[in-house]
There are 2 protein chains.
Amino acid sequence: MILSKSCIYGLRASVYLASKKKDDFITIKNLSDDLNISFHFLTKVLQQLTKAEILESYKGPNGGVKLAKPAHSVTFLDVVLSIDGKYMLSECVLGLPVCGELNPCPLHDEWHQLKENLRSMMANITLEELSFRHGPKHGSLSAKRFASRV
Amino acid sequence: MILSKSCIYGLRASVYLASKKKDDFITIKNLSDDLNISFHFLTKVLQQLTKAEILESYKGPNGGVKLAKPAHSVTFLDVVLSIDGKYMLSECVLGLPVCGELNPCPLHDEWHQLKENLRSMMANITLEELSFRHGPKHGSLSAKRFASRV
DNA sequence: TTATATTAAGATAAAATACTCTTAATACTT
DNA sequence: AAGTATTAAGAGTATTTTATCTTAATATAA
């Protein structure tokens, strides 16, 4: 698994929020129900995104979370870096701490290229674009296998 | 981290074995010392590779492990699949069990492409090629940071 | 046949990750 | 001011991954 579960949950929630036209706060309960993610766990993850200033939160009635910036200005990579950190895109595939340009591991160059592709893919897609692809025609963001039956 | 530690250890050991010209059995103690990996843990990992018929093992004095096939006929991918399984190359980046051609998640197509690149990169490099790049000029397979001082 | 070298296997322990529960803090509503 | 809805924070539990320890099995050699 390339991304941690926390990161995946954060991404799903962010895309979901981006798909909301209205600029209201959405409760985490709402998110956790719709996305089928544990409420408490999701709360923790979203706290990280709030600290990273990707989300804005508000307590009390009518509170919740929402994107802190317009959806077209937040990339997939922004969310990933906030939760999984940059190490994910810099580590050696063979786990060698000394691996680098000066002392490349046998796979260094290939891996470097692949990581750059990964980074650019993530940096070049915004939450807005992702939200367009989310809906009945495309995949749901819920993990429920038989959502229509429930 | 894309690959598990078990997998990384298995890869390092396989490349190391590929770099040996002589077709002798190498003891796991030898491997674990040279690669700086816990002996017992490495033993477990290599057992998996032996079951997968990538390695051949022999007990008793002069025993050890060696590649079961010529190094040019074993790919990086073979080793990865034996340890981390094929799921690694098929799962949805957003962890959605329903994601697929029929019901793609917002990132499905990009991710699919990236995984194919990853697969072909891994399928197109053999242990022999990797072993050529291993040595003083290139990176060591040991994780020791200051090997020369020790 | 006894001692020794080695891998195999199983049981346990430690660490990391994922998840849950409880309480606190904050803000709204009446 | 009191009650309620909500996020924040901290502590605790469970699961998975990584690592270690112990014993068993197998093969060699003297």
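All of these numbers come straight from a predicted model, not from anything done at the bench. Only heavy atoms go into these numbers, but all of them, side chains included; no hydrogens, no water, no symmetry mates.
Distance CG (A:L35) to P (C:dC19): 14 Å, rounded to an integer number of Å. Atoms CD (B:Q48) and C1' (C:dT7) sit 15 Å apart, rounded to a whole Å. The interatomic distance linking B:L31 (CG) with C:dT7 (C1') rounds to 12 Å, in whole Å. Regarding A:E56, its CD atom lies at a distance of 11 Å from the P atom of D:dA8, rounded to whole Å. Atom CG in A:L46 sits roughly 12 Å away from atom C1' in D:dA8 (whole-Å rounding). B:D84 places its CG atom 16 Å from the P atom of D:dT16, with the value rounded to the nearest Å. Note: CG (B:N30) to C1' (C:dT7) measures 14 Å, nearest angstrom. Atom-to-atom, CD of A:Q47 to C1' of D:dG10 comes out at 10 Å; the value is rounded to the nearest Å.
Checked by atom type, the side-chain pair A:E129/A:H72 shows no donor-acceptor distance below 3.5 Å. Judged by distance alone, the side chains of A:H108 and A:E101 do bring a donor and an acceptor atom under 3.5 Å apart. Remark: the A:D109 side chain and the A:Q113 side chain contain no N/O donor-acceptor pair separated by less than 3.5 Å.
Every residue two or more places apart in sequence or in another chain was checked for a ring-ring contact (aromatic ring centres under 6.0 Å, His included) with B:F76, and none qualifies.
Atom-to-atom distance recorded for B:K5:NZ and B:R12:CZ is 9.0 Å, nearest 0.5 angstrom.
The heavy-atom pair separating B:K66 from B:D23 by the smallest distance is NZ-OD2, 3.2 Å. Taking every heavy atom of both residues into account, B:V80 and B:L11 meet most closely at CG2-CD1, 4.1 Å. Pairing each heavy atom of B:L67 with each of B:S14, the nearest pair is CD2-O, 4.3 Å.
Neither OP1 nor OP2 of C:dA8 sits under 4.0 Å from any side-chain N or O of B:T43. Taking 4.0 angstrom as the limit, B:K5 places none of its side-chain polar atoms (N or O) nearer than this to OP1 or OP2 of D:dT17. Neither OP1 nor OP2 of D:dT7 sits under 4.0 Å from any side-chain N or O of A:T27. Side-chain N/O atoms of B:Y9 include one lying less than 4.0 angstrom from OP1 or OP2 on D:dA19.
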| request: Would you mind building the protein contact string for nucleotides 20-30 of chain D? One character per nucleotide, 5' to 3', B for base within reach (heavy atoms under 4.0 Å), S for sugar-phosphate only, - for untouched. | output: BBB---BBBS-

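Contacts with DNA chain D (heavy atom under 4.0 Å) in residues 15-22 of chain B: none are found.
Between the side chain of A:N30 and the backbone N or O of A:I26, no donor-acceptor pair lies under 3.5 Å.
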